Amino acid sequence: MKNYNHTKIPSAIKKAGAGKEKKVKEYNHLKIEHKWQKVWEDKKLYEVKNGTKGKTFVGLIEFPYPSGAGLHVGHIRSNTAMDIITRKRRMEGFNVLYPIGWDAFGLPTENYAIKMGIQPQKITKTNTDVFRKQLKSIGFGFDWSREINTTDPGYYKWTQWIFLQMYKKGLAYKAKTSINWCPSCKIGLANEEVVAGECERCGTETTKKVKEQWMLAITKYADRLDKDLDKVNYLEKIKIQQRNWIGKSEGSEISFKIITDKIFSSGPQVNSPEWLGKDILGNNFVKVFTTRADTIFGATYVVLAPEHPIITNYKLLITNWKEVEAYIKQVKDKKDIERMAEDKEKTGVELKGIKAINPATGGEVSVWIADYVLATYGTGAVMAVPAHDERDFEFAKKYNLEIKEVISGGNILEKSFTDDGILMNSGKYNDLISEDARSKITEFVGGKIVTKYKLRDWVFSRQRYWGEPIPMIHCDKCGIVPVPEKDLPVLLPKVKSYKPTDSGESPLAIISKWVNTTCPTCGGKAKRETDTMPNWAGSSWYYLRYTDPNNKKELAGKKALRYWMKNGVDWYNGGMEHTTLHLLYSRFWHKFLYDLKVVPTSEPYMKRTSHGMILALGGVKMSKSIGNTVDPKDIVNIYGADTLRIYEMFIGPFDQTVSWNTESIIGSRRFIEKVWRLGLKVSEKEAKKNNQNSSRFIPEGPYTDKNFDYSSSLQTLLHKTIKKIGEDIESMSYNTAISSMMVLVNEMEKAESIEEKDFKMFLQILAPFAPHITEEIWQSLKEKKSIHKSIWPKWDKKKIIDDIIKIAVQVNGKVRAEITVGRDTEEEEVKKMAQKDKNIASWVENKEIKRIIYVKGRIINIVV
RNA sequence: GCCCGAGUGGCGGAACUGGUAUACGCGCACGACUUAAAAUCGUGUCUCGUAAGGGAUGUGGGUUCGAUUCCCACCUCGGGCACCA
């Protein structure tokens with residue numbers, strides 16, 4: 001791959017970039033950009049007050065994680081996009097809040113701290129300082145007076161406070177779950193630190209370790225999280241991803257009786273009440289969850305998740321226990337994703353010695369355990385209907401199990417038939433359609449209709465240092481006691497080593513001074529919770545804090561929240577990679593806060609859009625190790641912030657992944673320079689006009705045709721462009737917005753002269769994209785106020801209508817000619833003109849015209 | 001494996017709701033200006049063909065007067081899969 005040195009200054013801009021004072025005023029981006037950034041800051045142009053009269057608008061970007069790598073060009077892409085929207089809103093008269101902060105807790109900082117022995121606090125300070133400086137150099141309209149940081153005790157006090165409220169409402173609870181464990185390093189690992197089943201640091205194969213952890217009961221909100229998606233304006237694909245993640249499905253819970261060899265060899269009576277009492281283990285049935293109760297007559301075996309608790313209860317009765325035990329052990333260390341990813345080859349083991357009874361047929365079926373059944377979904381057990389389920393079909397083929405067809409319409413010898421259809425081989429339910437059969441059969445077998453969610457509760461504990469301490473105290477006498485609200489925040493203490501302990505606990509566990517405390521209830525000896533919160537905690541509510549960042553009594557004042565958040569955040573843009581976790585978690589927290597009457601809306605974000613990533617040249621990820629990263633600082637120095645902004649918006653469709661190509665930036669720079677030269681031309685003309693009182697400029701150049709009114713044609717284009725830019729910004733079609741501004745600029749160049757008022761309108765629509773150069777030219781044209789506080793221009797309806805329209809003429813769908821007609825020409829007239837056309841005549845002659853299709857103002861198709 | 005996207009010139013991409021495929025930009029070629037170069041401006045630039053005309057939007061099929069757009073099947077690439085954020 002070509003390795004382009006992006007720090008090399010292209011000869012095209014050397015002259016201007018050097019900033020020599022010449023007779024002709026050169027475009028010196030560094031001077032202009034520094035100048036206006038300082039002016040805006042001094043005048044507090046982007047700072048807003050709570051309570052100002054008028055409409056409000058809150059534009060939100062995902063606040064960055066201040067990594068040591070510095071600002072990525074990807075940050076600039078998404079920030080510029082929202083910067084453009086908020087600047088437009090400001091010009092439309094809204095009181096605009098465009099805030100910024102730092103999502104600064106997290107693993108990379110902690111790992112760096114461990115490696116270098118530097119305090120995470122210090123690293124965070126260094127990194128945020130770099131990020132702040134870099135962001136400011138791009139000219140974003142952030143309100144820096146509201147900057148927040150999740151690692152600031154004044155901030156995480158409220159993160160902890162929310163957790164306490166959740167605990168009070170029973171949404172925070174403790175449960176045993178497993179964590180990744182490296183037996184060699186003796187530390188718990190994040191999923192990311194486990195690469196192909198091995199510890200990222202030492203290469204040892206990882207295992208799982210069961211730990212008691214804090215959980216948040218997000219599943220209690222599953223239904224509302226699903227239903228309320230109807231209320232918000234998210235991109236459709238985002239809604240779909242959220243819905244699929246929540247995974248709501250209506251189905252049936254049906255019990256299958258378990259019988260053992262012992263019992264049925266002595267002559268069991270299926271369905272006999274006596275038999276029920278005979279099972280000494282008390283586990284005489286297994287519940288399955290199915291969305292296809294209509295296929296139950298075809299259920300030829302039952303499959304349990306290997307973790308299913310019922311299995312160990314039957315230990316003594318299962319005749320191949322050794323084999324079963326070995327299989328369970330083998331499965332245990334795999335992640336769900338790996339279990340399902342094992343392409344095609346499904347594995348499983350039969351539980352010999354026990355059987356289940358199909359409640360519909362009354363027949364005996366075998367019981368298996370297999371890794372394709374997940375303990376965490378449904379009931380952890382399925383009835384297998386190989387004829388009508390793909391996975392069951394594969395499994396049945398492999399282990400030679402019966403495949404019984406109960407829905408007609410497929411060819412089950414070849415593959416499973418998974419559609420709904422008409423029942424067969426199903427006793428008295430034959431000939432019913434699936435939909436009706438589901439409820440009837442469920443009732444018949446004594447099952448019940450239930451709603452299940454794929455969504456699982458949120459594992460909220462981390463055995464790490466660099467996170468918010470969970471504000472809980474363990475007392476021998478009183479049990480788990482929450483830290484009283486008045487004692488918040490529970491501060492992160494300074495430690496010597498940030499390394500997790502070899503017992504699997506957080507580094508906080510070894511600071512006895514901090515751990516040992518007194519019980520708030522009884523005053524006796526007690527210990528603090530040493531687990532910390534995940535990174536998601538601080539980012540689940542940060543947007544609220546921007547409304548009132550320094551409040552010491554509440555997470556944000558009621559008045560401030562009502563002022564800014566009466567609709568929630570108006571527009572939130574972020575990465576597609578956050579659509580399932582962060583977005584769902586913060587919606588959950590927001591709904592909880594709504595129930596507490598802390599926030600005025602039930603949804604945090606009115607509108608959510610997403611951006612694509614920026615990859616390096618060749619479509620690979622930018623990474624330090626490959627050496628293909630791009631430092632925005634270099635681009636700003638060489639080309640300027642305005643050029644960088646234009647380039648990043650022009651690079652490709654905003655919602656799609658794009659590749660960075662430094663060679664192409666020059667195109668954006670040329671565009672900016674053309675604007676600059678036009679600006680000079682307009683201001684020179686202004687100067688002349690003032691001196692000589694000269695009359696209106698008469699255009700020269702290519703448009704000397706007497707009938708061609710160039711200035712009116714340019715105005716048509718200008719007004720069309722104003723309309724298009726407005727629409728394109730709203731639909732985030734920045735790349736086409738810029739291309740149409742390029743078209744306009746090219747035309748204005750040809751015109752040799754432009755009316756000042758027209759040029760100013762153009763500057764205004766360019767201003768959100770390139771705020772510095774437009775401000776410079778604007779104020780050089782004797783404007784006193786900032787262009788960013790000017791009124792967004794209105795396009796004129798009368799000016800955007802073309803009088804003459806070109807219509808393509810097709811014969812049998814192929815374009816053969818083009819005719820020009822007046823705007824109001826009648827259909828019949830157009831048809832006649834088309835047939836008379838020279839080119840068309842030769843195609844049509846001696847042929848029978850079957851049909852003529854006319855699409856007004858576009859196309860005419862003659863079918864022969 | 002499951003869920004969500006994407007695939008168009010040498011390259012980034014455009015095309016409204018099914019209506020002239022390749023706008024805009026990069027690159028390249030030629031020309032103007034210049035002692036020269038850079039910058040700038042102009043012209044050309046999907047492909048086969050002298051032309052008439054034909055072919056081309058990942059692949060194969062379908063619907064339609066007409067398909068980049070709709071339907072079916074497949075291939076490739078990207079994002080997510082719950083402890084990276």
Side-chain angles (χ1 to χ4, degrees), chain A residues 11-16 62 64-65 67 103 105-108 177 179-180 188-194 213 218 236-238 240-241 243-245 247 335-344 346 372 376 391 454-464 534-536 539 575-582 584-585 610 612-613 615 617 619 647 650-653 655-661 663-668 670-671 673-674 677 733 735-736 738-743 746 749 806-818 850-853 855 858-864:
Chain A
S11 50
I13 60 170
K14 254 183 196 160
K15 264 202 301 194
E62 285 166 347
Y65 174 74
S67 75
D103 187 16
F105 276 128
L107 257 194
T177 63
I179 59 170
N180 299 308
L189 299 172
N191 280 348
E192 196 200 37
E193 297 170 299
V194 180
Q213 307 215 68
I218 188 172
E236 200 49 39
K237 62 178 174 183
I238 296 175
I240 294 170
Q241 284 280 61
R243 284 223 159 88
N244 290 343
W245 187 259
K335 289 197 288 175
D336 288 354
I337 172 176
E338 287 164 347
R339 278 165 60 169
M340 293 186 291
E342 269 181 65
D343 287 6
K344 283 145 206 167
K346 302 232 166 348
Y372 77 90
T376 48
R391 287 170 308 175
K454 283 208 179 95
L455 186 67
R456 311 205 291 256
D457 276 348
W458 176 1
V459 181
F460 199 67
S461 292
R462 300 292 184 272
Q463 292 71 45
R464 291 287 183 163
N535 205 272
W536 307 109
S539 62
M576 216 44 209
E577 70 275 21
H578 292 293
T579 31
T580 44
L581 299 180
H582 160 66
L584 203 68
Y585 289 153
S610 74
M613 296 198 313
L615 302 177
L617 197 61
Y647 172 67
F650 187 58
I651 191 168
D655 62 346
Q656 276 169 45
T657 307
V658 290
S659 303
W660 180 271
N661 184 356
E663 273 183 80
S664 297
I665 300 176
I666 193 68
S668 302
R670 283 181 191 142
F671 168 66
E673 285 185 9
K674 279 182 190 177
R677 287 197 298 268
S733 310
N735 54 334
T736 53
I738 290 168
S739 88
S740 53
M741 284 192 281
M742 285 174 169
V743 172
N746 291 343
E749 245 192 353
K806 282 177 183 170
I807 290 178
V809 185
Q810 297 184 333
V811 178
N812 287 345
K814 295 228 175 223
V815 179
R816 300 297 180 189
E818 189 175 83
K850 285 185 187 157
R851 256 170 96 184
I852 299 180
I853 295 141
V855 181
R858 286 191 181 279
I859 205 163
I860 182 157
N861 190 11
I862 303 171
V863 186
V864 296

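Predicted model, so just to flag it, every value in this text is computed and none were measured. Every chain is numbered from 1, with letters handed out A, B, ... down the list of sequences.
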Inset, instruction - Find the partner of B/rU50: check Watson-Crick (N1-N3 plus N6-O4 or O6-N4) and G-U wobble (N1-O2, O6-N3) distances, both under 3.5 Å, and reply none if neither fits. - result: none
Legend entry - Distance, C1' atom - from B/rA14 to B/rC65, rounded to whole angstrom: 26 Å
Legend entry - Length of the line joining A/Lys814:NZ and B/rU64:C1', which is rounded to integer Å: 15 Å
Inset, instruction - Could you tell me whether A/Glu236 contacts a base, only the sugar-phosphate backbone, or nothing, with contacts defined as non-hydrogen atoms closer than 4.0 Å? - result: nothing
Legend entry - Residue mapping more 5' on RNA chain B - nearest nucleotide basis, A/Ser539 or A/Asn812: A/Asn812
Legend entry - Distance in angstrom units between A/Leu615 CG and B/rG13 C1', rounded: 16 Å
Legend entry - Among B/rA85, B/rG78, B/rC65, the one nearest A/Leu107 by side-chain distance: B/rA85
Inset, instruction - Determine the interatomic distance between P on B/rU57 and the same-named atom on B/rG62; round to the nearest Å. - result: 15 Å
Legend entry - Interatomic distance where CD1 belongs to A/Ile852 and P belongs to B/rG66 [whole Å]: 16 Å
Inset, instruction - Tell me what A/Ser461 touches on the nucleic acid: a base, only sugar-phosphate, or nothing, going by heavy atoms under 4.0 Å. - result: base
Inset, instruction - Return the minimal non-hydrogen interatomic distance between A/Ser610 and A/Lys237, and the atom names on each side. - result: OG-CE, 4.0 Å
Inset, instruction - Please tell me if the side chains of A/Ile738 and A/Tyr647 come closer than 4.5 Å, counting only heavy atoms from C-beta onward. - result: no
Inset, instruction - Scan A/Pro64 against the nucleic acid and name what it touches under 4.0 Å (heavy atoms): base, sugar-phosphate only, or nothing. - result: nothing
Inset, instruction - Report the glycosidic orientation of B/rG9: syn if within 90° of 0, anti in every other case. - result: syn
Legend entry - Atom pair distance, as rounded to whole Å: CG in A/Leu455 and C1' in B/rC81: 13 Å
Inset, instruction - Round to a whole Å and report the spacing from CZ of A/Arg816 to P of B/rA52. - result: 12 Å
Inset, instruction - Determine the contact category for A/His578: base if any of its heavy atoms lies under 4.0 Å from a base atom, sugar-phosphate if only primed atoms, P, OP1 or OP2 are that close, otherwise nothing. - result: base
Inset, instruction - With C1' as the reference atom in both, quote the distance from B/rC33 to B/rU40 in angstrom, rounded to an integer. - result: 9 Å
Inset, instruction - Go through the side-chain N and O atoms of A/Asn244 and A/Lys454 and say whether any donor and acceptor fall under 3.5 Å apart. - result: no
Inset, instruction - Taking A/Asn861 for its side chain and A/Ile853 for its backbone only, find out whether a donor-acceptor pair lies under 3.5 Å. - result: no
Inset, instruction - May I ask you to decide if A/Ile859's main-chain N or O and A/Gln810's side chain share a donor-acceptor pair within less than 3.5 Å? - result: no
Inset, instruction - Would you indicate, yes or no, if B/rA82 has its OP1 or OP2 atom less than 4.0 angstrom from a side-chain nitrogen or oxygen of A/Arg456? - result: no
Legend entry - Non-hydrogen side-chain atoms of A/Met742 and A/Lys674 separated by less than 4.5 Å: no
Contact list (N/O, under 3.5 angstrom) for nucleotides 60-62 of chain B vs protein:
none

Inset, instruction - Please determine, for the side chain of A/Ile179, which listed nucleotide (B/rC41, B/rG13, B/rC83) has the closest atom? - result: B/rC83
Nucleotide N/O to protein N/O under 3.5 Å, stretch nucleotides 19-29 of chain B:
| residue | atom | partner | partner atom | Å |
| --- | --- | --- | --- | --- |
| B/rG19 | N2 | A/Gln810 | OE1 | 3.4 |
| B/rU20 | N3 | A/Glu818 | OE2 | 2.8 |
| B/rG25 | OP1 | A/Asn746 | ND2 | 3.1 |
| B/rC26 | OP1 | A/Arg670 | NH1 | 2.5 |
| B/rG27 | OP2 | A/Arg670 | NH1 | 3.3 |

Inset, instruction - If B/rC81 has a Watson-Crick or G-U wobble mate with both distances under 3.5 Å, name it; if not, just say none. - result: B/rG1
Inset, instruction - Please report the shortest heavy-atom distance between A/Gly575 and A/Glu62, naming the atom on each side. - result: N-OE1, 3.1 Å
Inset, instruction - Would you mind classifying the nucleic acid contact of A/Ile651 as base, sugar-phosphate or nothing, using non-hydrogen atoms under 4.0 angstrom? - result: sugar-phosphate
Inset, instruction - Could you work out the separation of B/rC2 and B/rC46 based on their C1' atoms and round it to a whole Å? - result: 39 Å
Legend entry - C1' gap between B/rG12 and B/rG19, integer Å: 27 Å
Inset, instruction - Check whether any side-chain heavy atom of A/Val863 lies under 4.5 Å from a side-chain heavy atom of A/Asn812, and answer yes or no. - result: yes
Inset, instruction - Send over the distance from A/Tyr585 OH to B/rA82 C1', rounded to a whole Å. - result: 5 Å
Inset, instruction - Rounded off to whole Å, could you give me the CH2-to-P distance for the A/Trp245 and B/rC81 pair? - result: 7 Å
Legend entry - Backbone N/O of A/Pro64 and side chain of A/Asp103: donor-acceptor pair under 3.5 Å: no
Inset, instruction - Heavy atoms under 4.0 Å is the rule here; annotate nucleotides 4-9 of chain B 5' to 3' with B where the base is hit, S where only the sugar-phosphate is, and - elsewhere. - result: S-S---
Inset, instruction - Assess whether one donor atom and one acceptor atom, taken from the side chain of A/Glu577 and the base of B/rC81, lie less than 3.5 Å apart. - result: no
Legend entry - Identity of whatever pairs with B/rU63 - Watson-Crick or G-U, under 3.5 angstrom: none
Legend entry - Pairing nucleotide - B/rU69, Watson-Crick or G-U, each distance under 3.5 Å: none
Inset, instruction - Please state the C1' separation for the pair B/rU47 and B/rG10 - nearest whole angstrom. - result: 13 Å
Legend entry - Interatomic distance, A/Lys454 NZ vs B/rG80 C1' [rounded to whole Å]: 14 Å
Inset, instruction - Using the six-membered ring wherever Trp is involved, compare the ring planes of A/Trp458 and A/Tyr585 and label them parallel, tilted or perpendicular (cut-offs 30° and 60°). - result: parallel
Inset, instruction - Rounded to whole angstrom, note down the C1' distance from B/rA21 over to B/rG66. - result: 13 Å
Legend entry - Nearest-angstrom distance, P atom, B/rC70 to B/rC84: 36 Å
